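Below you'll find the structure, written out as structure tokens, and then a few comments.
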Amino acid sequence: MEDDDPYEGAVSLSQRAMMGATQARAAAYLDKLNPEQRQAVETLDGPVLMLAGAGTGKTSALTARIAHLIHTGRARPNEILAVTFTNKAAREMKERVGRHLGGAIEGMPWLGTFHSVCVKLLRRHAELVGLKSNFTILDTDDQIRLMKQLIVVANMDEKRWPARQLAGLIDGWKNKALTPERVSGRETAAFDNRGSELYAAYQDRLKTLNAVDFGDLLLHMVTIFQTHADVLAQYQRWFRYILVDEYQDTNVAQYLWLRLLAQGHKNICCVGDDDQSIYGWRGAEVGNILKFEKDFPGAAVIRLEQNYRSTEHILAAASGLIAANEGRLGKELWTEAEGGEKVRLIGHWDGEEEARWIGEEIEANQRGTRSRAPVSLNNQAILVRASHQMRAFEDRFLTIGLPYRVIGGPRFYERLEIRDAMAYFRLVTSPEDDLAFERIINTPKRGLGDKAQQRIQIAARENGLSLLDGAKLLVAEGALSGKAGGQLRLFVENITRWHDEIAQASPATAVTRAEDDDLLIEPAEDGVAPANDLSHVRLAERILEESGYVEMWQNDKTPEAPGRLENLKELVKALEQFDNLQGFLEHVALIMDNDKSETEEKVSIMTLHAAKGLEFPVVFLPGWEDGLFPSQRSMDESGLKGLEEERRLAYVGITRAEALCTISFAGNRRVYGQWQSQMPSRFIDELPPAHVEVQTPPGLYGGGMNGGGFSAGAGSATMEDRVSRADVYNSPGWRRLQSAQSRGISQPREARHMTIDASGESDYEIGDRVFHKKFGYGEVMGSEGDKLVVEFDKAGEKRLLASFVVPAADADDVPF
DNA sequence: ATGGGGACAGTTTTT
DNA sequence: CTGTCCCCAT
């Protein structure tokens, strides 16, 4: 216990009450743990690295550990720092810790996302980096707008040097904990040699606006810790135990932040899985987890490898695949569960075909089949590499009326209407919020366009006023004539009136009202009654009504307008949970999410990234084609590192499945409107054959085909069979096999066999007539790399793999 | 000031 | 082939 803490008494009261209640349930949270989990829970002192594979009960161990810390009196809840990446994870941990300790655990103020914890810290020490404690947190929109202005001011061509790119650059620097002064080396060449200059200008501008972006939350705290030893020491002492979830996803700034804080008691427990590191492209450093033992000498490394999620075939397929990666910490999942179905592998003609087949499979699963019990739609998911792949499924499912839900679309608070509404609330609560002003001054249209806005800008700048005050000045001077003048007057009067209403409703409370968070902040003043009259909700409603914003959407004829109005209602409803508008605004940027609790049975469609941490009995993994998955861009930009991250993504995908995992690929796919022939993913070659079953969709590539010239094996065959016969899964893969051997036009001729049958060598020659399922008849004009150049009679010239055409004489053999 | 059309680009995403 | 952004014509 900290003797120097003046507020100890206040909290330890509630603390003791809680401990008392806890005592009775003698550590029930330990009972259900396996030996490794238990070790991870009970190894309390010193650094601990918990390597927790997919589905190994990581959260159980983590939450039990927290419970154990509290239960054994090692730390009080508010002396434990526990950070996650997502609000969802934080919420879940809070809930489960509460359950372990018998409910009502409200005293864990430092369990949250990196960002929410940093906001809390930064509000307290804002002045150390030149901010006021009521700083606003900008959303990406605001950032881009601001940077655009700076680029214009810097006299740069905003076409050649888009603000988006600058934003990405600066974000990257912040992820690496680089302040403008610290940007060095070849980085300075970035953005026409003016990157760091613009970065500095941007930071200046933020300071003037009393604003931060997401990256700043971490960066400012790191800066403060590095430059104010006393502040750092205070927290080093305070946080007796530190826990970090998804450590493999931490970036440099987060790493530094953690390392600084952990230097005190050195009780840091990081949980992660190097095999599931899939966020390198946004600054995550797998290196952090790989070098943990170096960073924290004497660290205990505990591996959780017993998997409680998937069948042995699924685990073996995933393990076999990920084994191709180098520089792993090493870990192999195992399970007690025996049996189960092998991972299924299927090739399709094209993307639509793939979607059609998967749709049918899902419906069949839903009904139940001879060999499978019915699986509800909620228990089935389609995981794609890139969101544009979702479209084929949505199209298909809409036509057949299969209910689906897309996970991870635009976040609630990122939506246009929510941002607009928030800007109104922001401006009303803080009239000096210029970015909010800019956003809504002409939304809805008030006839206040560029010209009017420029005059406001000038008036504000010349008099050192906020934009709203500048506007007031113009109104007072009657500087704007006609319609614009009247509209501007109305606008400023409205804002002012609403602002005054807030002041009356809750006189000078709120902003500094302490949360029952921790011991370092001043305790809440007694006698401040919580403002439960919900007047702020009605005010918010009126703001949206009287500003004409609601009306704007009511008059909007586009199909999304009703949804937007619906969202606005939801937003207002969300306000009820807060005491006032300020409180709402302070939290909303960090915690609003999209968790609509839907009750209807639906199949889920999401990206592999969005699927991390989730699990489904039935999982479909479509689009396993080289260039799409692994993504060409990843490989181009990051080479082997990129490929390995893609492989981890594949690993994440497979390990989401509990009972049935189906991987598929299409031979042809429309990419930006152009048909392209696709190669099966090299990851397919890396799957251990013994755990994969190659299937042939009915009517394609096999099953019941006439004159196919290869084993029909209707329905399925084990992969070993296929490999011995066709040898197409010969690593390093079909593609390299073909491209390396591409001595001119020399390709297997059986178009429909794809990976199934590469035998039957026969060469095409210039002038040969060929047939393609989609393009019809054509003439071979030559070759290019591993592709044939074919001039089709109807479809024109195409480049495609020889395996997708057949000699024209064999056209009858092609199904359909 | 505003809306329509042409040019252009086009992974993965949390906070 | 889309969707987005910006410019220009109204």
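Numbered from 1 within each chain, the chains take letters A, B, ... in sequence-line order. Since the model is a prediction, treat every value here as computed from it, not as a measurement.
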Short side-chain N/O contact from T607(A) to OP1 or OP2 of dT13(B), under 4.0 Å | yes
Return the set of residues passing salt bridge (Lys or Arg N to Asp or Glu O under 4.0 Å) with R647(A) (not counting sequence neighbours), or none when no residue passes.
-> E686(A)
Does any pair with a residue in residues 481-492 of chain A pass salt bridge (Lys or Arg N to Asp or Glu O under 4.0 Å), and if so which ones, sequence neighbours excluded?
-> R489(A)-E493(A)
Euclidean distance for C1', dT12(B) against dC5(C) (whole angstrom) | 23 Å
Is a salt bridge present between E246(A) and K58(A), judged by a nitrogen-to-oxygen distance below 4.0 Å?
-> yes
Is the aromatic ring centre of W281(A) closer than 5.5 Å to the centre of the six-membered base ring of dT12(B), with the two planes inclined by less than 30°?
-> yes
Using a heavy-atom cut-off of under 4.0 Å over every strand shown, decide if E646(A) touches base, sugar-phosphate, or nothing.
-> base
Check if the side chain of T113(A) and the base of dT15(B) share a donor-acceptor pair of N or O atoms closer than 3.5 Å.
-> no
When all nucleic acid strands are considered with a 4.0 Å heavy-atom cut-off, which category describes E414(A): base, sugar-phosphate, or nothing?
-> base
Contact state string [nucleotides 1-10 of chain C, B base, S sugar-phosphate only, - no protein heavy atom under 4.0 Å] | BS---S----
Respond yes when some side-chain nitrogen or oxygen of N442(A) is under 4.0 Å from OP1 or OP2 of dA1(B), and no when none is.
-> no
With a non-hydrogen cut-off below 4.0 angstrom, is S631(A) in contact with a base, only sugar-phosphate, or nothing?
-> base
So does R385(A) reach the base of dT11(B) with its side chain, donor to acceptor, closer than 3.5 Å?
-> no
Can you list every ring pair (Phe, Tyr, Trp, His ring centres under 6.0 Å) pair that touches residues 150-170 of chain A, not counting sequence neighbours?
-> W161(A)-F191(A)
Looking at S116(A), does any N or O in its side chain come under 4.0 Å of the phosphate oxygens OP1/OP2 on dT15(B)?
-> no
Check: residues 163-171 of chain A side-chain donor-acceptor pairs under 3.5 Å, at least two apart:
none

Just checking D450(A): base, sugar-phosphate only, or nothing, at a heavy-atom cut-off of under 4.0 Å?
-> sugar-phosphate
Pairing residues for R396(A) by the salt bridge (Lys or Arg N to Asp or Glu O under 4.0 Å) criterion, not counting sequence neighbours = none
K451(A) side-chain proximity, nearest of dT2(B), dA1(B), dT12(B) = dA1(B)
Does the separation of the ring centres of Y279(A) and W281(A) fall below 6.0 angstrom?
-> yes
